[in-house]
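Chain letters run A, B, ... following the sequence lines, proteins first, then strands; residues in each count from 1.
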Amino acid sequence: MSQDLIRLTLKDGKVLTVPRGISAKDALMMAGEDEDSLIAARLNGNLVDLTQTVDHDAAMEGLGFDSEGAVEILRHSAAHIMAQAVKSLFPNAKVAIGPAIENGFYYDFDVERPFTQDDLEKIEARMREIIASGMEFHRKELPREEAIDFFAERNEKYKVELLQALDSPWVSCYSQGDFVDLCRGPHIPDTSYVKAFKLTSVAGAYWRGDEHNPMLQRIYGTAFFNREALEKYLHFLEEALRRDHRRLGRELDLFSFSDEVGAGMVIYHPKGALLRQILEAFEKREHLRRGYQIVMGPTLLKTELWKRSGHFDHYRENMYFTEIDGQSYGIKPMNCLSHMLIYKSKIRSYRDLPLRFFELGTVHRHEKSGVLHGLLRVRQFTQDDAHILCMPEQLNGEIQDIIDFVIEFMGIFGFPYEMEISTRPEKSIGTDEDWDRATRALVSALEEKGMPFQTCEGEGAFYGPKIDIKLKDVLDRKWQCATIQCDFTLPERFDLNYIGVDGGRHRPVMVHRVILGSIERFLGVLVEHYEGAFPVWLAPVQAVAVTVTDAQADFARSVCEELRKAGMRVELDDRNEKLGYKIREAQMQKVPYMLVIGNREVAAGGVCPRRRDGTQLDLMPVQEFAAMVDKECLDATMGRVGLGII
RNA sequence: GCCGGCGUAGCUCAGUGGUAGAGCAGCUGAUUCGUAAUCAGCAGGUCCGGGGUUCGAAUCCCCGCGCCGGCUCCA
């Protein structure tokens, strides 16, 4: 083969012989790719610009609009365009970093005054000009020192700082028009590829995320290859807004917050409290079925005890303290302490293990004011918390049981989920042997269950490795709820032990775990997931009886009474309003069943249920309706919950 | 905690220095009606709290509380 030819292996396995030094774009066009749909290329697995020249044999693949990673390249380029616009409007602005993120991009700027909404509009307008002019992105490689001089000259101290932290002697910069930015690339060929974008918000953000650093101004935006995709995304945002649990919580009269009470404290109204009671009743039954014992500990415990557990040293900032009779007490931020004391209340034998203590434990954590968010981030919340104390050889089985528990619950609520194992972090306690054994127990439990999982190296708690379960709601948003954590410190600090078969004392292994996590957060997620239209087994009000006129009130009352006796949660709407009005209201309250009661029903002595989705069922006796709803509840919960759980 | 925005009737919001408003919800009355809003009338406010500027503050300034969007933190 001639020296001037190289061989490119294409995605479909075909080999293309091309001149050495050809651009990625020309090579891909020779391979039959459509110029208009290409935005970048993959060379030996690495993303590169279309203008990249190829000097050696390689594997090559074109990146089209729909390819994985394509939209990230677009968004990153959009961030550059935004930075160019900002620099042209605010020449004194210093640029920091501007990556693509999930659903969009951002760029951080150091500016004299924060951006306003007006500024965003001006920036958007300038971006549109830049996009319309179709400026090409040019890559330039230069020695790092040269780049430092370049940016230092332009007073771009953040870029200089970034460059100084880099190891490589050569770096790359990209320019479009007069704007030059330090960047690894790749980028879209020219600015006109950004067919649809929007700047969404502006917020303060610390340089490198560290609160000791200066605060920069971050502008968020998003970009797409076509207008429809942007519209779809904006529609998704609207959808999320409609499902917002804070709004639905008010509209459905579930809960509220009050500035007189204080930030981050939930007030449950009757329907919200009922919903929570249903969840809790369900949980208690499920834990008892699985051999957990329900326990209850106090809210206030002496500070001395928090010192012994290590919470005082490691978690004090988040705790509330008070003084009673000259004694310092701390309000519990976790439930483990009394569980430790229950374990220690008598001598334990290996025959007693495993012990599984379950508590719907209400804890207080002093979260920073800026992070509070509806039910999802509060200062007082209740965990479905349990601590399992077992022999090391029982650990694997216990973990498997918990995983089964989680899987079953996620199935009942209709959530897909992902699992992650987090391993030993740098700052941690315990022997290597402990960590290995516990980590292996977690990994093998997941493997034996055939569960796929991700590994997050060094992300474990300082006291032990953990499995986190992230559920995904109907809008594909991820929420952390369940977590399974091994703990080497507490059994040690509280000197827990059991008498083994050999008659000697041994240290039990401890597992902290929650299934729903915080009941508050889980409720918030549930509200958003179902958009407030709870499945009938969870709905605080399962049916509303609606009279057509006053004449049916007595019969309607007797229907409600009968249904209540059967365990149904039912309300009566006998107000002097037109039927349509009452139906509309029940519909907006998302009640699963409406029982319209007019003269026909009175005469027949039965009900004609109407489902929330508008389907109309035939006349049936009241008892038959109750049996039907009971079955519906049981079917949705794998036979666990019927009528009358509360 | 930090940056920015915001706080007016139960809810959604108008009102930018000169007598606090609308729609929905509520109450009263009429209407007694068959599957997503009947009509009329009435009532409803420490304009988040405190301080200041001003002849006069919902409106301007300061402090605090709370909410929203982020950052950060998350044993």
For this session: Among B:U32, B:C73, B:A36, find the nucleotide with the atom closest to the side chain of A:Thr549.
Result: B:U32
For this session: Name the pairing partner of B:U53, where a pair is Watson-Crick or G-U wobble with both distances under 3.5 Å, or state none.
Result: none
For this session: Please answer whether the main-chain N or O of A:Met510 pairs with a side-chain N or O of A:Asp487 as donor and acceptor at a distance below 3.5 Å.
Result: no
Exercise. Is there a donor N/O on one and an acceptor N/O on the other, under 3.5 Å, for the side chain of A:Gln117 and the base of B:G4?
Worked result: no
Exercise. CG of A:Asp574 versus C1' of B:U32: gap in Å, rounded?
Worked result: 13 Å
Problem set entry | Candidate list A:Arg611, A:Met568, A:Gln542, test side chain to side chain contact (heavy atoms under 4.5 Å, CB included), partner A:Tyr593, passing option | A:Arg611
Problem set entry | Rounded distance in Å between the P positions of B:U16 and B:G7 | 13 Å
Problem set entry | hbond_proxy A:Gln616 side chain to B:U35 base (donor-acceptor, 3.5 Å cutoff) | yes
For this session: Give the C-alpha distance, both sets of side-chain angles, the deciding distance and a yes or no for salt bridge (charged side-chain N to carboxylate O under 4.0 Å, His left out) between A:Asp385 and A:Arg513.
Result: CA-CA 6 Å; A:Asp385 204 0; A:Arg513 48 103 285 188; 5.9 Å; no
For this session: Verify whether one side chain among A:Gln552 and A:Asn599 offers a donor that lies under 3.5 Å from an acceptor in the other.
Result: yes
For this session: Quick one: label A:Gly598 by what it contacts on the DNA or RNA (base, sugar-phosphate, nothing), any heavy atom closer than 4.0 Å.
Result: base
Exercise. Given the P atoms of B:A20 and B:A25, what is the spacing between them in whole Å?
Worked result: 27 Å
For this session: Nearest whole angstrom, please: distance from the P of B:G1 to the NE2 of A:His212.
Result: 16 Å
For this session: Could you give the distance separating B:C13 and B:G50 at their C1' atoms, to the nearest angstrom?
Result: 27 Å
Exercise. Any side-chain donor paired with an acceptor under 3.5 Å for A:Arg208 and A:Tyr206?
Worked result: no
Exercise. Which part of the nucleic acid, if any, lies within reach of A:Gln217 when heavy atoms closer than 4.0 Å are counted: base, sugar-phosphate only, or nothing?
Worked result: sugar-phosphate
For this session: Check the side chains of A:Gln380 and A:His364 for a donor-acceptor pair under 3.5 angstrom, ignoring hydrogens and angles.
Result: yes
For this session: Check whether the ring centres of A:Phe312 and A:Phe321 lie less than 6.0 Å apart, and answer yes or no.
Result: yes
Exercise. Are A:Tyr107 and A:Phe109 an aromatic pair by the rule of ring centers under 6.0 Å?
Worked result: yes
Problem set entry | Integer-rounded Å distance: B:C74 C1' and A:Trp479 CH2 | 15 Å
For this session: Indicate for each nucleotide in nucleotides 65-72 of chain B, in 5' to 3' sequence, whether protein heavy atoms under 4.0 Å reach the base (B), only the sugar-phosphate (S), or nothing (-).
Result: -SSSBBBB
Exercise. Taking atom C1' of B:C74 as reference, at what distance in whole Å does atom CZ of A:Phe381 sit?
Worked result: 10 Å
Exercise. Can we say A:Arg243 and A:Glu238 salt-bridge, meaning some charged N sits less than 4.0 Å from an Asp/Glu carboxylate O?
Worked result: no
Exercise. Can A:Ser428 and A:Arg424 be counted as having a side-chain donor-acceptor contact under 3.5 angstrom?
Worked result: yes
Exercise. To the nearest angstrom, how far is A:Lys578 atom NZ from B:U32 atom C1'?
Worked result: 11 Å
Problem set entry | B:U59 versus B:C2 - spacing of their P atoms, nearest Å | 24 Å
For this session: Just call it for A:Asn318: base, sugar-phosphate, or nothing, with non-hydrogen atoms closer than 4.0 Å on any strand.
Result: nothing
Exercise. Should B:C2 form a Watson-Crick or G-U wobble pair with both distances under 3.5 Å, which nucleotide is its partner?
Worked result: B:G70
Problem set entry | Nucleotide nearest A:Val548 when distance is taken to its side chain, options B:C33, B:U32, B:G4 | B:C33
Short N/O separations, protein against nucleotides 11-15 of chain B, under 3.5 angstrom:
from: B:C11; atom 1: O3'; to: A:Arg250; atom 2: NE; distance (Å): 3.4
from: B:U12; atom 1: OP1; to: A:Arg250; atom 2: NH2; distance (Å): 3.0

Exercise. Taking A:Lys87 for the side chain and A:Asn92 for the main chain, is one N or O donor matched with an acceptor at less than 3.5 Å?
Worked result: no
Exercise. Between B:G70 and B:U54, how far is it from one P atom to the other, in whole Å?
Worked result: 42 Å
Exercise. In whole Å, what is the span from the CZ atom of A:Arg584 to the P atom of B:C24?
Worked result: 11 Å
For this session: Ignoring hydrogens and angles, state whether a donor on the side chain of A:Asn335 or A:Gln383 is under 3.5 Å from an acceptor on the partner side chain.
Result: yes
Exercise. Within this structure, what is the OH-to-P distance between A:Tyr581 and B:C39, rounded to whole angstrom?
Worked result: 11 Å
Exercise. Given that A:Pro114 and A:Met594 both sit by RNA chain B, which one's nearest nucleotide is further toward the 5' end?
Worked result: A:Pro114
For this session: Mind checking A:Glu577 for me? I need base, sugar-phosphate or nothing, with any heavy atom below 4.0 Å counting as a touch.
Result: base
For this session: Between B:G34, B:C3, B:U35, spot the one nearest the side chain of A:Arg610, thanks.
Result: B:U35
Problem set entry | Euclidean distance for P, B:A57 against B:G18 (whole angstrom) | 11 Å
Exercise. If we call it a pair only when both distances are under 3.5 Å in a Watson-Crick or G-U wobble match, what pairs with B:C39?
Worked result: B:G29
Problem set entry | Nucleotide paired to B:G45 in any strand shown, Watson-Crick or G-U, under 3.5 Å | none
Problem set entry | Length of the CG-C1' vector between A:Leu376 and B:C74, whole Å | 14 Å
For this session: Name the pairing partner of B:U16, where a pair is Watson-Crick or G-U wobble with both distances under 3.5 Å, or state none.
Result: none
Problem set entry | Under 3.5 Å on both distances, the Watson-Crick or G-U partner of B:G10 | B:C24
Exercise. Expressed in whole Å, how much space separates the C1' atoms belonging to B:C60 and B:C55?
Worked result: 16 Å
For this session: Rounded to whole angstrom, note down the P distance from B:G45 over to B:G10.
Result: 8 Å
Exercise. When all nucleic acid strands are considered with a 4.0 Å heavy-atom cut-off, which category describes A:Gln552: base, sugar-phosphate, or nothing?
Worked result: nothing
